[in-house]
> 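Take a look at the following structure, please.
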Amino acid sequence: GPADVHEMVCLLRDSPGEHCRPSKVSAMFASRACRSAIMIGTALTKAKMRLICRHMGTMDQPWNCPHGRPTMRHLYDLAPREASGNKDTRYMGPQNA
């Protein structure tokens, strides 16, 4: 509507030569990204997990979805290893934790 046109004109005026995206379009992309995302509880193969981690490694901000929800979960706490003087923070599996 008219408000969307006004927003686009303001974006173009304030940022000439830059990529401009109206807020409704950004919200639509964010919604679509979350709907197609892997949901909590979805079983993944190790190969799929590796692929996801590789893809997240290419992102500027992989720790949040477009809505701000966290996309990562800490699976290992390094504090006990560091507190014991062990500076080797490589993951050695649950048997060595």
Side-chain angles (χ1 to χ4, degrees):
D4 298 325
V5 173
H6 178 71
E7 180 184 9
M8 192 64 182
V9 168
C10 289
L11 286 170
L12 291 169
R13 180 194 63 209
D14 295 342
S15 306
E18 291 185 29
H19 176 74
C20 297
R21 181 178 292 153
S23 57
K24 283 187 180 179
V25 174
S26 294
M28 180 202 55
F29 285 145
S31 177
R32 286 186 179 181
C34 284
R35 272 193 234 122
S36 64
I38 298 166
M39 298 298 167
I40 293 173
T42 302
L44 300 172
T45 64
K46 286 185 180 182
K48 182 69 173 179
M49 288 184 238
R50 285 185 190 101
L51 179 65
I52 291 167
C53 287
R54 268 196 298 276
H55 287 174
M56 290 178 79
T58 66
M59 299 168 71
D60 290 334
Q61 297 182 357
W63 38 86
N64 291 64
C65 81
H67 293 106
R69 289 189 187 109
T71 57
M72 296 185 191
R73 175 89 173 123
H74 293 283
L75 300 176
Y76 191 75
D77 186 2
L78 298 176
R81 291 181 73 90
E82 292 171 349
S84 69
N86 186 345
K87 298 299 180 193
D88 183 3
T89 56
R90 293 176 293 171
Y91 179 69
M92 301 302 215
Q95 70 277 5
N96 295 331

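Residues: numbered from 1 along the sequence shown.
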> Identify, with sequence neighbours excluded, every residue that meets side-chain contact (heavy atoms from CB on, under 4.5 Å) alongside Thr42.
Ile38, Met39, Leu44

> Return the set of residues passing side chain to side chain donor-acceptor pair (under 3.5 Å) with Thr45 (not counting sequence neighbours), or none when no residue passes.
none

> Restricting to salt bridge (charged side-chain N to carboxylate O under 4.0 Å, His left out), what partner residues turn up for Lys24, sequence neighbours left out?
Asp4

> Taking side-chain contact (heavy atoms from CB on, under 4.5 Å) as the definition, give me every residue that meets it alongside Arg13, ordered by chain and number, with sequence neighbours left out.
Cys10

> Can Met49 be reached from Met59 by stepping across I, L, V, M, F, W or Y side chains whose heavy atoms are under 4.5 Å apart?
yes

